Amino acid sequence: MADMRAFRDAVGRWATGGSDDAARELAERLGLRTAVLLEGPSDLAAVEALAAWRGRDLAAEGVCVLAIGGAMSVGRYTGLLGPPGLGLRLAGLCDAGERRFYDRALERAGAERGSFFVCVADLEDELIRALGAARVEEIIRAEGDSRPWQTFQRQPAHHGSLRHQQLRRFLGTRKGRKIRYGRLLAEALERGGAPDPLEALLDSV
């Protein structure tokens, strides 16, 4: 795991103009074959949690999961990690509204599109729909977040919104909350109950 974190850090430095030496050395040492590109750390937390729940050690399988810092960065990472760079197979998730950025980046990198799967709004939206609003609220209560959740619901801006929409917005209202709940919601999924894009992604790598 330490080496995988080191690889992620090395790729991050490479992506911001640093040398590629460390990333190439670590990719070879780790036996990497696939890079899973995700928009942010909450997506990464959810994917790793569901993989662990399935009993999979992605790092041992030569799969690195990376948060790329948003859809606008996908072109940079497909170039570094795909055929023009390290030559890894690429996979990932993207939001429906940003699919065009991924299609363009994959085409430019000469990479296959078949292992990229689309979330309707984002992965949090998919997880909430898979679990149901009532189950997500149970998790919020168990985490001691009932009071901030109730305060959020009373705000005029959220009156009239569907409970599902309120929950999705609530998860993004405080730094670190999306990451924590990305993991918690993924861990709460029953076997076979994961959102289709997440199931398809893990089946593909």
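In this text the structure is predicted, and so the values were computed from the model without any measurement. All heavy atoms count here, side chains included; hydrogens, waters and symmetry mates do not.
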Check whether any side-chain heavy atom of Ile140 lies under 4.5 Å from a side-chain heavy atom of Leu167, and answer yes or no. yes

Check Arg135 with Glu138, please: is the shortest side-chain N to carboxylate O separation under 4.0 Å? yes

If you round to the nearest 0.5 Å, how far is CD of Glu39 from SG of Cys94? 7.5 Å

Any donor and acceptor pair, going by atom type alone, linking the side chain of Arg8 with main-chain N or O of Val65 inside 3.5 Å? yes

If I take atom SG from residue Cys119 and atom CG from residue Asp95, how far apart are they, to the nearest 0.5 angstrom? 6.0 Å

Can a cation-pi geometry be assigned to Arg113 and Tyr102, taking NZ or CZ under 6.0 Å from the six-membered ring centre and within 45° of the ring axis? no

Hey, does Leu189 have a side-chain heavy atom less than 4.5 Å from the side chain of Leu127? yes

Polar side-chain atom of His159 near backbone of Arg154 as donor-acceptor pair, under 3.5 Å: yes

Asp103, CG atom: more than 12 neighbouring heavy atoms under 6.0 Å: yes

Decide whether Thr173 and Arg177 meet the rule of one side-chain donor and one side-chain acceptor closer than 3.5 Å. yes

Whether the Glu187 and Trp53 side chains hold a donor-acceptor pair (N or O, under 3.5 Å, no angle test) is what I'd like checked. no

Side-chain touch Asp125/His164, heavy atoms, less than 4.5 angstrom: yes

Residue pair Ala186 / Ala46: nearest heavy atoms and the distance that separates them: CB-O, 3.4 Å

So, do Met4 and Leu30 sit near enough that their side-chain heavy atoms are less than 4.5 Å apart? yes

Under-4.0 Å salt bridge between Asp203 and Arg54: yes

Can you tell me if Gln165 uses its side chain to pair, donor with acceptor, with the backbone of Leu162 under 3.5 Å? yes

May I ask you to decide if Gly144's main-chain N or O and Arg147's side chain share a donor-acceptor pair within less than 3.5 Å? no

Donor-acceptor pair, distance only, cut-off 3.5 Å: does the side chain of Glu126 make one with the backbone of Val120? yes

Does the Asp57 side chain pair with the main chain of Ala59, one donor and one acceptor, at a distance under 3.5 Å? yes

Measuring from atom CG of Leu198 to atom CG of Leu50, what distance do you get when rounded to the nearest 0.5 angstrom? 5.0 Å

Gap separating the CZ atom of Phe116 from the CG atom of Leu37, nearest 0.5 angstrom: 4.5 Å

Least distance between heavy atoms, Leu201 atom then Ser204 atom: O-OG, 2.7 Å

4.5 Å side-chain heavy-atom contact, Phe7 and Asp3: no

Hey, could you give me the OG1/CZ distance between Thr34 and Arg89, rounded to the nearest 0.5 Å? 5.0 Å

Any heavy-atom pair between the side chains of Leu123 and Leu93 that's under 4.5 Å? yes

Salt bridge check: are Asp145 and Arg180 linked by an N-O gap of less than 4.0 Å? yes

In sequence, state the C-alpha distance, the side-chain angles, and the governing distance for Leu90 and Thr78, and then conclude on side-chain contact (heavy atoms from CB on, under 4.5 Å). CA-CA 7 Å; Leu90 301 177; Thr78 54; 3.9 Å; yes

Where Pro83 and Ala111 come nearest, the two heavy atoms and their spacing: CD-CB, 4.0 Å

State, yes or no, whether a side-chain contact exists between Trp149 and Arg141 at a heavy-atom distance under 4.5 Å. no

Does Arg99 CZ have over 12 foreign heavy atoms under 6.0 Å away? no

Knowing that exactly one of Arg129, Arg168, Lys178 qualifies, which makes a salt bridge (charged side-chain N to carboxylate O under 4.0 Å, His left out) with Glu124? Lys178

Value rounded to 0.5 Å, distance of CD1 in Ile128 from CD in Glu137: 10.0 Å

Working for side-chain contact (heavy atoms from CB on, under 4.5 Å), residues Ile68 and Val74: CA-CA 7 Å; Ile68 63 174; Val74 67; 3.9 Å; yes

Exam field: side chain Gln166 to backbone His158, donor-acceptor pair closer than 3.5 Å: yes

Considering residues, nucleotides and ligands other than Arg174, do more than 12 of their heavy atoms fall under 6.0 Å from its CZ? no

Look at Arg24 together with Glu28 and state whether they make a salt bridge at an N to O cut-off of under 4.0 Å. no

Is a donor from one side chain sitting under 3.5 angstrom from an acceptor on the other, for Ser42 and Arg183? no

Does Glu61 CD have over 12 foreign heavy atoms under 6.0 Å away? yes

Quick check: closest heavy atoms across Pro197 and Val118, and the distance to 0.1 Å? CG-O, 3.3 Å

